[in-house]
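Labels below follow one simple rule: chain letters A, B, ... track the order of the sequence lines, proteins then strands, and each chain is numbered from 1.
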There are 2 protein chains.
Amino acid sequence: MKEIYDCDLGCPVQNTLQFISGKWKSVILYHIFKNDVLRFSELQAKLPYVSKRMLAKQLSELEADGILDKQIYPVIPVKTEYRVTKLGSSLYPVIEAMEIWGTNYTQIVK
Amino acid sequence: MKEIYDCDLGCPVQNTLQFISGKWKSVILYHIFKNDVLRFSELQAKLPYVSKRMLAKQLSELEADGILDKQIYPVIPVKTEYRVTKLGSSLYPVIEAMEIWGTNYTQIVK
DNA sequence: CCGAATCCCCACAGATACTG
DNA sequence: CAGTATCTGTGGGGATTCGG
């Protein structure tokens, strides 16, 4: 679990960014929120423009930060599943706000 | 104004990220939301860990994207003011969600 | 005071190949 | 299948300077 670390008192936004500022983290979370559970290959399919290496890095950071939980099934071939932790699920309102804006901003512009 | 550009249909979050994914953009927006209007030097004071060059870049991108409005007063020395546009103000719920989470996550963890 | 221009470097991301 | 390891290049960002 990531250390709790106020990098800028007076700017709580900064604290949130520590967890989701990775280039693809919000998108990964969005997909896992929508699907509850996703395998590595399923995430790859949903993010074809993100390299395997990049995806693995973002996932391991999210896991290290206590946002995601990784289940490994030692079958052959290996199978892994990612889901949100309790802490991760608390980020839902943030992702939801981004989802809403991303859905509606076209109309806002007009 | 930034072209509206769906880089990933089925992931509206991605659209939002186009506008606020810059390293410091959310924090800049947070401070301007709190203060309505901020000068360049005031933003510098609030973000001491961000270089002048970086701050200017983020601000000009936010302006180019139609999120911020820049007022230049051609006095000597020059004075500039940044405030949110209508489009920018529509991002308030997103920043607010990040602010709320950043304020409360310590308790969520426990 | 604000910010653009130039130089420069190294951290980060892609490509590829390898492993349990 | 789900990653790691290594190598390589590129551009993001700091430091500095200049200009309005």
Inset, instruction - Describe the nucleic acid contact of Y82(B) in one word from base, sugar-phosphate, nothing, applying a heavy-atom distance below 4.0 Å. - result: sugar-phosphate

Report the distance from atom [atom1] of [X] to atom [atom2] of [N], rounded to the nearest whole Å.
{"X": "Q44(B)", "N": "dG3(C)", "atom1": "CD", "atom2": "P", "result": "9 Å"}
{"X": "L38(B)", "N": "dC2(C)", "atom1": "CG", "atom2": "P", "result": "11 Å"}
{"X": "Q71(B)", "N": "dG3(C)", "atom1": "CD", "atom2": "P", "result": "12 Å"}
{"X": "Y73(B)", "N": "dC2(C)", "atom1": "OH", "atom2": "P", "result": "13 Å"}

Legend entry - Side chain S89(A), main chain K86(A), donor-acceptor under 3.5 Å: yes

Inset, instruction - Please work out which of the three classes, parallel, tilted or perpendicular, describes the rings of W24(A) and Y49(A), given edges at 30° and 60°. - result: tilted

Inset, instruction - For the residue pair Y82(A) and F40(A), categorise the inter-ring angle as parallel (less than 30°), tilted (30 to 60°) or perpendicular (more than 60°). - result: tilted

Legend entry - For E81(B), all residues meeting salt bridge (Lys or Arg N to Asp or Glu O under 4.0 Å), sequence neighbours excluded: R83(B)

Inset, instruction - Between protein and nucleotides 13-20 of chain C, map the contacts as a letter string: B base, S sugar-phosphate only, - none, heavy atoms under 4.0 Å, written 5' to 3'. - result: BBB----B

Inset, instruction - Using a cut-off of strictly less than 4.0 Å, decide whether S41(B) has a side-chain nitrogen or oxygen near OP1 or OP2 of dC2(C). - result: yes

Inset, instruction - Have a look at L43(A) and tell me which of V50(A), L55(A), T80(A) forms a side chain to side chain contact (heavy atoms under 4.5 Å, CB included) with it. - result: L55(A)

Legend entry - Given Y105(A), Y30(A), W101(A), the one that forms side chain to side chain contact (heavy atoms under 4.5 Å, CB included) with P12(B): Y30(A)

Legend entry - Heavy-atom contact window of chain B on DNA chain D, given 5' to 3' at under 4.0 Å: dG13(D) to dG20(D)

Inset, instruction - Give the intermediate values and the outcome of salt bridge (charged side-chain N to carboxylate O under 4.0 Å, His left out) for residues E42(A) and K46(A). - result: CA-CA 6 Å; E42(A) 291 171 328; K46(A) 289 181 185 302; over 6 Å; no

Inset, instruction - State plainly whether one hydrophobic cluster holds both V13(B) and I100(B), where clusters connect Ile, Leu, Val, Met, Phe, Trp and Tyr through side-chain heavy atoms under 4.5 angstrom apart. - result: no

